[in-house]
Protein chains: 2
Amino acid sequence: MSSRRDAVHDTLRQSEGFRSAQDVYAEMRQTGAKIGLTTVYRALQALADHGKVDVLRNDDGESVYRACATGEHHHHLVCRRCGHTVEVAGPDVERWAETVGAEHGFTEVTHTVEVFGTCSSCSTPVGAG
Amino acid sequence: MSSRRDAVHDTLRQSEGFRSAQDVYAEMRQTGAKIGLTTVYRALQALADHGKVDVLRNDDGESVYRACATGEHHHHLVCRRCGHTVEVAGPDVERWAETVGAEHGFTEVTHTVEVFGTCSSCSTPVGAG
DNA sequence: CCGGGAAATGAAAATGGTTGTCAAAATCGC
DNA sequence: GCGATTTTGACAACCATTTTCATTTCCCGG
């Protein structure tokens with residue numbers, strides 16, 4: 001078994017936003033952990049493979065990971081500024097995806113939905129223009 | 001003469017699915033076009049920048065492009081097997097995204113939605129299994 | 001405790017898509 | 001025709017990710 005994998009998982013849990021493999025690696029080294037980049041990548045992939053963490057691609061095409069509160073299917077509302085992430089459920093969206101797929105004769109329909117915005121803490125305080 | 005950018009755009013229009021920059025480059029060379037990889041990338045970026053083509057990332061993290069019928073905001077229903085793509089509108093999803101964002105105090109909400117599935121032509125004809 | 005082997009680890013090289021560099025060619029204006 | 005500007009394209013540079021391969025660790029049996 002890999003205690004390294006747990007270490008990676010634990011590091012991810014300390015962050016509330018999505019982190020890249022490189023980020024996780026850098027952070028672990030900062031905390032004094034002895035671990036290689038390769039192992040971080042492998043741990044992250046294994047974790048994602050087991051549904052322990054969620055993965056998505058940022059605008060740069062990098063894979064970013066996050067230890068989510070639930071293994072259930074859900075989506076994310078991510079702040080563009082601070083990376084703060086909220087897990088959201090969207091039954092309507094699930095239904096919509098299924099419906100759209102069915103209308104066009106598609107089966108085994110899956111979907112990716114991510115919502116980005118600026119959270120209240122990061123919103124520019126309007127009033128002074 | 002028309003610029004290489006038009007040639008790239010035209011090549012993209014011949015395909016009904018999303019194509020990577022490398023794909024477009026390879027195809028153009030096959031048709032005898034004299035063009036460099038760099039130019040294809042630049043043309044694609046410029047086209048995407050002007051809203052002439054849509055861009056998204058495939059599972060490998062590559063950027064893939066498609067010349068869409070409309071410049072309006074829309075989503076895609078893509079076949080995993082043949083790449084056949086259907087443009088779909090989802091007013092409900094737009095609303096949902098806005099609502100979810102608002103509920104959590106997020107502003108300037110945007111979203112990415114892609115639906116994948118197997119189209120009727122590619123569905124395995126069950127019966128003898 | 002000791003030895004063998006499979007799995008895990010990690011440093012470095014390889015891979016591959018994408019971007020940057022820079023000189024040559026095409027284009028435009030005069 | 002000439003020079004300035006833009007476009008082009010071969011190639012190097014980048015950088016995240018993967019692969020390679022030797023070493024280390026851990027488990028199991030003796």
Trainee: Using whole Å, what does the distance between atom P of nucleotide C:dT19 and atom CG of A:Asp59 come to?
Mentor: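 So the CG-P distance, A:Asp59 to C:dT19, works out to 13 Å.
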Trainee: Evaluate the side-chain proximity of B:Arg42 to B:Thr38: yes if any heavy-atom separation is below 4.5 Å, no if none is.
Mentor: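 A side-chain contact under 4.5 Å exists here.
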Trainee: Counting neighbours of CZ on B:Arg29 that are heavy atoms of other residues, nucleotides or ligands and sit closer than 6.0 Å, is the number greater than 12?
Mentor: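 Yes.
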Trainee: Can you confirm whether B:Tyr25 sits close enough to B:Leu44 that some side-chain heavy atom of one is under 4.5 Å from a side-chain heavy atom of the other?
Mentor: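 When only atoms from C-beta onward are counted, B:Leu44 and B:Tyr25 do not touch, as no gap falls below 4.5 Å.
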Trainee: Mind checking whether B:His84 and B:Leu77 have side chains closer than 4.5 Å, heavy atoms only?
Mentor: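 With C-beta onward as the side chain, the pair stays apart.
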Trainee: Can you tell me if A:Arg80 and B:Thr110 form a side-chain donor-acceptor pair at under 3.5 Å?
Mentor: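 A pair is found: one side chain offers a donor N or O, the other an acceptor, under 3.5 Å apart.
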Trainee: Between B:Glu98 and B:His111, do the side chains contain a donor N or O and an acceptor N or O under 3.5 Å apart?
Mentor: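 B:His111 vs B:Glu98: no donor-acceptor pair found between side chains.
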Trainee: Measuring from atom OG1 of B:Thr11 to atom CG of B:Asp6, what distance do you get when rounded to the nearest 0.5 angstrom?
Mentor: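 Going from the OG1 atom of B:Thr11 to the CG atom of B:Asp6 covers 10.5 Å.
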Trainee: Using a cut-off of under 3.5 Å, enumerate the N/O to N/O pairs linking the protein to nucleotides 12-14 of chain D.
Mentor:
none

Trainee: Any side-chain heavy atom of A:Leu56 within less than 4.5 Å of one from A:Phe18?
Mentor: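 Touching, per the 4.5 Å side-chain cut-off.
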Trainee: Could you give the distance from OH (B:Tyr65) to OG (B:Ser20), rounded to the nearest 0.5 Å?
Mentor: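 Rounded to the nearest 0.5 Å, the OH-OG separation comes out at 9.0 Å.
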Trainee: If you restrict it to nitrogen or oxygen atoms, what contacts under 3.5 Å exist between nucleotides 5-8 of chain D and the protein, and what is each distance?
Mentor:
{"unit_1": "D:dT8", "atom_1": "OP1", "unit_2": "B:Arg4", "atom_2": "N", "d": "3.1"}

Trainee: What protein N or O atoms touch nucleotides 15-18 of chain C N or O atoms at under 3.5 angstrom, if any, and at what distances?
Mentor:
{"unit_1": "C:dT18", "atom_1": "OP1", "unit_2": "B:Ser63", "atom_2": "N", "d": "2.8"}
{"unit_1": "C:dT18", "atom_1": "OP2", "unit_2": "B:Tyr41", "atom_2": "OH", "d": "2.5"}
{"unit_1": "C:dT18", "atom_1": "O5'", "unit_2": "B:Tyr41", "atom_2": "OH", "d": "3.4"}

Trainee: List the steps and the verdict of salt bridge (charged side-chain N to carboxylate O under 4.0 Å, His left out) for A:Arg95 and A:Asp92.
Mentor: CA-CA 5 Å; A:Arg95 260 196 300 280; A:Asp92 291 341; 2.8 Å; yes
Trainee: Taking CG from B:Asp60 and C1' from D:dC15, how many angstroms apart are they, rounded to a whole number?
Mentor: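 That distance rounds to 17 Å.
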